[in-house]
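The block underneath contains the structure these notes are about, expressed in structure tokens.
Side-chain atoms are counted along with the backbone in the values below, which use heavy atoms only and exclude waters and symmetry mates. As the structure lists them, so they are numbered: ligands from 1, and atoms in each ligand from 1.
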Amino acid sequence: MNSKTIDLIRSNDHLTLSRVISEVESNSNLDNDFFTNIYTLSNDSIRIGVTGPPGAGKSTLTNEIIKFFLNENKSIGVVAIDPTSPFTGGALLGDRVRMNQYLFNENVFIRSMSTHGDLGGLTKRAQEVGDVLAASGKDVIIYETVGVGQGELDVSKAVDLTIVVLVPESGDEVQLMKAGIIEIADIFVINKSDRDGSGKLAQSLTSILHSFSKKDDLIPPVFSTSANNGDGIEKLYNGLINTLELIKKNGLFDKNRIKRHKNRILQLVQERLLSDFWTKKKINELKLSIDNINSIKVSHYEIVKKLFEDKSV
Ligand SMILES: Nc1nc2c(ncn2[C@@H]2O[C@H](COP(=O)(O)OP(=O)(O)O)[C@@H](O)[C@H]2O)c(=O)[nH]1
Ligand SMILES: [Mg+2]
């Protein structure tokens with residue numbers, strides 16, 4: 001990656017962004033230097049996660065939130081990660097149709113990421129896509145993800161603030177607790193509040209949040225919206241800005257970022273160890289030694305020990 005590419009990213013050239021993001025996704029050609037060079041450029045953006053069940057209205061809501069940021073002269077990057085519908089799938093097509101009003105807007109860049117293949121590296125790659133978008137000067141980066149607390153797909157660990165989107169039918173308090181959403185949400189949205197049951201869910205959610213929070217914790221606010229007609233979005237937007245200010249003031253924002261930074265170091269070390277270890281020869285050697293096993297006589301420890309001892313591969 002040459003310095004011209006970095007200049008193009010910095011100048012918010014969307015074609016270059018697309019190309020570089022594809023490289024991040026396919027893990028090709030990007031070296032240490034590239035990420036080191038964009039690192040200082042990549043810390044100014046606010047990263048927001050919008051997560052919740054499929055069909056809850058996350059894309060519609062994101063689309064509405066974008067309008068408010070644009071009104072404040074902010075630029076936005078969106079990374080949509082949807083395991084249930086990879087690139088060609090229905091929901092993403094829906095996202096594209098809905099969001100393509102921004103196709104020629106240089107202040108909005110929307111990208112879908114596939115979860116195909118290497119699941120383990122998804123959070124890492126999604127973070128790196130965020131780094132590239134941040135380096136292009138986007139003020140806000142929104143990650144839209146399906147579901148919550150699903151291990152590798154848990155983007156809440158990769159953002160400054162997580163919005164959990166529910167619908168009136170999302171279930172009772174016990175189900176919500178089991179789903180693990182209480183811990184990850186900084187803000188709750190009950191979307192589709194044009195439907196029955198929204199008020200009741202808002203009430204029970206608020207009461208769980210109050211009974212479970214510790215003394216100095218910020219209690220996540222609960223907002224009711226109807227994203228498809230814009231109802232409640234302004235309140236949500238103001239709540240979002242307010243929550244950001246609060247977590248910046250109480251130190252949580254910085255604390256989170258440092259934790260994230262440490263995690264990314266550990267993640268990178270793990271990845272390096274794996275890629276250093278798994279040379280082509282090593283992969284072949286493992287395959288051979290496994291293929292040749294036709295009894296259970298030799299201990300698995302012994303076989304693995306040999307793999308690690310052989311420095312010639
Ligand atoms: N009734 C109602 N429908 C909504 C609302 N928000 C979104 N929808 C619709 O719900 C469907 C799924 O929305 P989408 O944003 O794609 O959900 P996502 O899968 O969470 O991204 C679409 O048909 C939207 O038009 C809402 O507040 N009320
Ligand atoms: Mg969506």
Side-chain angles (χ1 to χ4, degrees), residues 47-70 76-103 108-116 122-123 126 129-130 133 140-150 153-156 158-159 161-171 175-176 179-181 184-202 205 221-240:
R47 301 188 190 201
I48 298 170
V50 175
T51 192
K58 299 178 297 296
S59 301
T60 318
L61 205 65
T62 299
N63 200 33
E64 292 302 308
I65 294 172
I66 288 175
K67 292 181 192 164
F68 278 85
F69 279 118
L70 286 175
I76 303 100
V78 178
V79 183
I81 305 168
D82 192 342
T84 58
S85 52
F87 262 89
T88 50
L92 280 187
L93 210 59
D95 288 351
R96 289 215 186 123
V97 173
R98 247 191 309 282
M99 292 193 181
N100 78 356
Q101 57 182 288
Y102 300 119
L103 201 56
V108 182
F109 184 94
I110 295 169
R111 177 69 177 223
S112 304
M113 274 182 83
S114 154
T115 56
H116 267 329
L122 182 66
T123 309
V129 169
L133 288 174
V140 180
I141 295 160
I142 300 179
Y143 288 96
E144 182 193 326
T145 64
V146 174
V148 287
Q150 301 181 349
L153 289 173
D154 192 354
V155 170
S156 72
V159 296
L161 184 146
T162 302
I163 301 177
V164 171
V165 184
L166 302 170
V167 290
E169 301 81 8
S170 284
Q175 284 170 303
L176 295 176
I181 56 167
I184 68 150
D186 299 292
I187 292 178
F188 280 99
V189 173
I190 300 170
N191 191 41
K192 306 201 179 180
S193 283
D194 43 297
R195 292 191 190 160
D196 285 347
S198 165
K200 191 167 164 274
L201 178 60
L205 196 54
V222 179
F223 295 96
S224 301
T225 60
S226 287
N228 62 343
N229 60 27
D231 280 358
I233 308 291
E234 187 170 0
K235 267 197 178 153
L236 167 64
Y237 177 78
N238 291 333
L240 173 64

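- The distance from ligand 1 to the heavy atoms of A56 drops below 4.0 Å at these ligand atoms: 17 (O), 20 (O).
- The Mg ion (ligand 2) has an N, O or S atom of S59 closer than 2.8 Å.
- At distances below 3.5 Å, not a single donor-acceptor pair connects side-chain atoms of D231 with backbone N or O atoms of S226.
- Side-chain atoms of V146 and K58, non-hydrogen and from C-beta on, do get closer than 4.5 Å to each other.
- I65 places none of its side-chain heavy atoms less than 4.5 Å from the side chain of V140.
- The atom of E144 that is an N, O or S and sits closest to the Mg ion (ligand 2) is OE2.
- In this structure, the side chains of L205 and L166 come closer than 4.5 Å at one or more pairs of heavy atoms.
- Checked against a 3.5 angstrom limit, the closest N/O atoms of S193 and ligand 1 fall outside it.
- Of the candidates N229, T62, T60, it is T60 that places a heavy atom closest to atom 13 (O) of ligand 1.
- For the pair S156 (side chain) and T162 (backbone), a donor-acceptor distance under 3.5 Å is absent.
- For ligand 1, the atoms lying closer than 4.0 Å to a non-hydrogen atom of S226 are 27 (O).
- Every N/O-N/O distance between P54 and ligand 1 stays at or above 3.5 Å.
- An N or O contact shorter than 3.5 Å is missing between T225 and ligand 1 by distance.
- In D194, the part holding a heavy atom less than 4.0 Å from any atom of ligand 1 is the side chain.
- Considering backbone and side-chain atoms alike, L61 places every N or O at 3.5 Å or more from each N or O of ligand 1.
- Checking side-chain atoms of S198 against main-chain N and O of R195 turns up no donor-acceptor pair under 3.5 Å.
- A donor-acceptor pair under 3.5 Å is absent between the side-chain atoms of Y143 and the main chain of V159, judged by distance alone.
- The heavy atom nearest to atom 11 (C) of ligand 1, out of those in K192, E64, K58, is found in K192.
- A salt bridge does not link E169 with K192: every distance from a Lys NZ or Arg NE/NH1/NH2 to an Asp or Glu carboxylate oxygen is 4.0 Å or more.
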